[in-house]
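Step one of this worksheet: look at the structure below.
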Amino acid sequence: MTRRTTTLSASVSAVALAAALALTGCSSSSSDAETDSAKSGPELKVSGAFMPQPVMDMAGGFLTITNDGNTADKLTSVTSSLSDDITIHESKNQKMQEVKSFDIPANGELKLERGGSHIMFMELKKQPKQGEKVGIELHFEKSAPIKVELPVEAPNHNPKQH
Ligand code: CU
């Protein structure tokens with residue numbers, strides 16, 4: 001199965017990241033993470049992730065992926081132990097439909113937010129409650145998978161309204 005290899009590569013990149021952070025810590029210069037390393041590839045960062053507490057056996061996931069690199073990437077799939085049926089949806093005219101991938105433009109961002117594009121979890125294996133966290137893994141066309149913890153928020157949580 002491909003699952004094992006993606007998990008492995010994710011932990012390998014976590015180790016690489018930890019090593020990079022340790023190096024930065026030892027250096028006395030003011031170098032931040034903006035080294036000249038993979039400037040040509042996509043550089044993805046995830047922020048603002050959350051899942052509204054599900055009211056039935058389905059749930060949505062929302063987050064922003066920022067790409068600081070000069071190469072575009074695509075979000076192609078999402079996996080989680082919470083569900084075996086996870087898809088990515090866009091919303092058009094109040095209706096949602098599944099898409100194969102979402103573009104993450106070079107030096108741009110992909111926003112998954114309420115009323116718009118989102119991650120869709122069906123047939124939940126358990127009901128996560130507000131205050132808990134749901135671990136997911138994002139898969140991309142080019143970049144290594146990224147693991148994200150989604151804090152479970154109130155069912156009507158919407159950061160845009162704050
Ligand atoms: Cu949906």
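As the structure lists them, so they are numbered: ligands from 1, and atoms in each ligand from 1. Owing to the predicted nature of the structure, the values given are computational and were not obtained by experimental measurement.
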- Query: Is the Cu ion (ligand 1) under 2.8 Å from any N, O or S atom of S91?
  - Reply: no
- Query: Does any N, O or S atom in T87 come within less than 2.8 Å of the Cu ion (ligand 1)?
  - Reply: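 No.
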- Message: Quick check on the hydrophobic clustering: are L110 and V46 connected, directly or via other members, by side-chain heavy-atom contacts under 4.5 Å?
- Response: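 Cluster IDs for L110 and V46 match.
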- Message: Holding to side-chain contact (heavy atoms from CB on, under 4.5 Å), I want the full list of residues that pass it with K133, two or more places apart in sequence or in another chain.
- Response: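 In terms of side-chain contact (heavy atoms from CB on, under 4.5 Å), with neighbours along the sequence ignored, K133 is linked to E149.
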- Looking at H89, the N, O or S atom sitting nearest the Cu ion (ligand 1) is ND1
- Task: Could you tell me whether a side-chain N or O of D103 sits under 3.5 Å from a main-chain N or O of P105, the two making a donor and an acceptor?
- Result: no
- Message: Is any side-chain heavy atom of I104 closer than 4.5 Å to one of F140?
- Response: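 F140 vs I104: side chains touch.
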